[in-house]
Amino acid sequence: MTDINSPEALVVMDRDVFERQFDAPRLARLRRLVRLPEPLFTDDLDDPALDARLATVEVLLTGWGAPQLDAGRLDRMPRLRAMLHCAGTVRPQVTPDFWERGIRASSVAEANAVPVAEYTLAAIIFAGKKAPFIAADPQVRRDHGLQISRFGELSNLGRTIGVVGFSRVGRRVVDLVQQLEGVVCLVADPYADPAEIVRAGGIPTALDDLLPRVDVLSLHAPALPSTRHMIAAPQLAALPDHATLVNTARGSLVDTAALERECASGRLNAILDVTDPEPLPVDSVLYRLPNVMVTPHLAGSLGSELHRMTDAALDELERYAAGEPLLDEVTSEALRLSA
């Protein structure tokens with residue numbers, strides 16, 4: 001039974017997301033941790049019928065589809081003390097007003113990093129064997145492999161992997177690629193501690209020095225004004241012939257027009273789970289090139305992986321309710337340089 005002194009909470013996210021993330025066992029755990037007057041969930045914080053409910057809520061559990069917490073919405077929640085985000089970045093939800101009111105924020109970006117890193121490892125391995133590109137090229141299949149080398153050497157032995165961004169996902173990718181025999185993993189991140197990169201198995205390298213040396217370039221930087229088109233025509237031109245660009249981070253990191261030109265020429269390959277714009281226009285050449293694989297944002301948590309995020313958020317809620325430090329607290333300063 002919930003303690004009368006437990007914080008009062010409300011779940012705020014898209015209805016479909018709520019139904020996928022909070023099954024019966026997780027709802028039962030939520031009820032044990034906090035007080036949950038009806039309604040326990042909403043997908044519309046602007047509903048006037050919620051005035052009384054919002055006046056007493058102390059904790060929001062937010063997720064994909066949650067609205068931005070601007071001054072007007074925060075005014076209706078005078079007792080709000082924390083937002084625990086059941087997904088990745090909190091950037092779309094928080095505002096200067098949020099931080100000015102001293103509200104705490106936490107996310108489960110670490111849990112969401114797990115499937116993204118796994119997907120990236122698979123993309124790197126497939127890039128080594130050129131599997132998606134060979135599968136997409138009917139001419140190669142018809143010729144029984146006579147043109148199989150048109151996308152570059154087929155090998156995962158002794159590859160050089162370039163990781164841009166020693167982020168939550170980037171760290172995991174650096175660790176995971178160590179499974180490949182003879183791998184060299186170069187890491188470009190001006191804000192990361194070089195000693196931490198080395199401990200993870202990477203080699204700290206400036207981006208300009210990294211680009212000409214890699215077989216696969218994997219992007220894991222946040223979407224910030226300073227990172228927009230950080231991989232543009234000059235950076236793509238610096239990559240070796242037949243290198244593969246893997247992007248599971250944010251589409252805005254790459255100049256799409258420049259990438260289209262390089263891939264259309266056949267010089268570079270790409271595996272893209274994110275694009276700019278997203279989705280790409282239906283007539284984009286990237287959809288039609290055999291040396292490009294485009295997937296619709298599949299790398300992040302889906303299906304049963306959503307429950308891992310919910311569990312992490314409930315763990316954080318349990319710490320909050322017990323007055324313990326939050327494991328994945330987000331601050332306005334940290335958000336300046338991260339996703």
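- Note on D175 versus R199: no salt bridge recorded, every NZ/NE/NH1/NH2 to OD/OE distance being 4.0 Å or above.
- Under the 4.5 Å side-chain contact rule for hydrophobic residues, V11 and L317 share a cluster.
- Linking Ile, Leu, Val, Met, Phe, Trp and Tyr whenever their side-chain heavy atoms come within less than 4.5 Å leaves V214 and I125 in two separate clusters.
- Between the E305 side chain and the L302 main chain, a donor and an acceptor come within less than 3.5 Å of each other.
- When atom types are taken as modelled, the side chain of D255 and the backbone of A257 share a donor-acceptor pair closer than 3.5 angstrom.
- Between T310 and the options R20, R26, R29, Q21, a side chain to side chain donor-acceptor pair (under 3.5 Å) holds for only Q21.
- Using modelled atom types, one side-chain atom of D215 and one backbone atom of T160 make a donor-acceptor pair closer than 3.5 Å.
- Formation of a donor-acceptor pair under 3.5 Å by the Q178 side chain with backbone atoms of V174 is found in this model.
- Counted within 6.0 Å of OH on Y119, heavy atoms from surrounding residues, nucleotides or ligands total more than 12; the atom is thus considered enclosed.
- Residues R267 and E262 form a side-chain contact, since some pair of their non-hydrogen atoms from C-beta on lies under 4.5 Å apart.
- Closest heavy-atom contact between V34 and P7: CB-O, 3.2 Å.
- The 12-atom threshold is not exceeded at CD of E181, counting heavy atoms of other residues, nucleotides or ligands nearer than 6.0 Å.
- With no hydrogens or angles considered, a side-chain donor-acceptor pair links S284 and E260 at under 3.5 Å.
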| task | Decide side-chain contact (heavy atoms from CB on, under 4.5 Å) for T256 and L280; before the verdict, give the C-alpha distance in whole Å, the side-chain angles of both, and the deciding distance to 0.1 Å. | result | CA-CA 9 Å; T256 300; L280 290 168; 4.1 Å; yes

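- Judged purely by distance below 3.5 Å, without hydrogens or angles, the side chains of E278 and H297 pair a donor atom with an acceptor atom.
- When all heavy atoms of A221 and M230 are compared, the closest pair comes out as CB-SD, 4.0 Å.
- Between D70 and R73 there is a salt bridge, with a side-chain nitrogen of the basic residue lying less than 4.0 Å from a carboxylate oxygen of the acidic one.
- Using a cutoff of 4.0 Å between basic side-chain nitrogens and carboxylate oxygens, E110 and R172 are scored as salt-bridged.
- Between L50 and R76, the closest side-chain pair of non-hydrogen atoms falls below 4.5 Å.
- Of the candidates R150, R288, K130, R150 is the only one forming a salt bridge (charged side-chain N to carboxylate O under 4.0 Å, His left out) with D137.
- Of the options R81, R79, R35, a salt bridge (charged side-chain N to carboxylate O under 4.0 Å, His left out) to E8 is made by R35 and by none of the others.
- Contact of the R159 side chain with the L180 side chain is not registered, since no non-hydrogen atoms from C-beta on lie closer than 4.5 Å.
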| message | side-chain hydrogen bond (donor to acceptor under 3.5 Å, both in side chains) for S218 and T120? Distances and angles first, verdict last. | response | CA-CA 8 Å; S218 190; T120 303; 4.8 Å; no

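- Listed for the R168 side chain is no donor-acceptor partner under 3.5 Å among the backbone atoms of V114.
- A donor-acceptor pair is defined here as one N or O able to donate and one able to accept, closer than 3.5 Å; such a pair exists between the side chain of D189 and the backbone of F166.
- Looking only at side-chain heavy atoms (C-beta outward), I203 and I197 stay at 4.5 Å or farther from each other.
- For the pair Q235 (side chain) and A232 (backbone), a donor-acceptor distance under 3.5 Å is present.
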| request: Test side-chain hydrogen bond (donor to acceptor under 3.5 Å, both in side chains) on T62 and H85 and set out the steps. | output: CA-CA 5 Å; T62 56; H85 196 52; 2.7 Å; yes

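- Hydrophobic clustering (side-chain heavy atoms under 4.5 Å, transitive across Ile, Leu, Val, Met, Phe, Trp, Tyr) keeps L327 apart from L60.
- With no hydrogens or angles considered, no side-chain donor-acceptor pair links D328 and S107 at under 3.5 Å.
- Using a 4.0 Å cut-off between a side-chain N of Lys or Arg and a carboxylate O of Asp or Glu, D276 and R250 do not qualify as a salt bridge.
- Minimum interatomic distance between V177 and V183 (heavy atoms only, all atoms of both residues): O-CG1, 3.2 Å.
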| request: Kindly indicate, with the supporting measurements, whether the criterion side-chain contact (heavy atoms from CB on, under 4.5 Å) is fulfilled by L45 and L69. | output: CA-CA 9 Å; L45 272 184; L69 297 178; 3.7 Å; yes

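- Residues I271 and A123 come closest through the heavy atom pair CD1-O, 3.5 Å.
- For the pair R171 and E196, the salt-bridge criterion is met [side-chain N within less than 4.0 Å of a carboxylate O].
- Side-chain contact between K129 and S155 is absent, with no heavy-atom pair separated by less than 4.5 Å.
- The aromatic rings of F18 and F41 lie parallel to each other, with less than 30° between the two planes, well short of the 60° mark.
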| query | Between L217 and T244, is a side-chain contact (heavy atoms from CB on, under 4.5 Å) present by the stated rule, with each step listed? | reply | CA-CA 6 Å; L217 181 68; T244 300; over 6 Å; no

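- Between the N112 side chain and the S301 main chain, a donor and an acceptor come within less than 3.5 Å of each other.
- Judged by distance alone, the side chain of T227 and the main-chain N or O of P222 form a donor-acceptor pair under 3.5 Å.
- Cluster annotation: L211 is not connected to I161 through the hydrophobic network of ILVMFWY side chains, with a link wherever side-chain heavy atoms come within less than 4.5 Å.
- Both L326 and M309 belong to a single network of hydrophobic side chains, linked directly or stepwise wherever heavy atoms of I, L, V, M, F, W or Y lie under 4.5 Å apart.
- Shown here for M293 and F133, the closest heavy-atom pair between the two residues is N-CE2, 4.2 Å.
- For the 3.5 Å distance criterion, the side chains of T295 and D273 qualify, holding a donor opposite an acceptor.
- By the 4.5 Å heavy-atom criterion applied to side chains, Y287 and P279 are counted as neighbours.
- Judged purely by atom type and a 3.5 angstrom limit, D43 has no side-chain atom pairing as donor or acceptor with the backbone of M13.
- When all heavy atoms of L176 and A117 are compared, the pair lying nearest together is CD1-O, 3.6 Å.
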| task | Please lay out, stage by stage, how T275 and L286 fare under the test side-chain contact (heavy atoms from CB on, under 4.5 Å). | result | CA-CA 10 Å; T275 58; L286 294 177; 5.5 Å; no

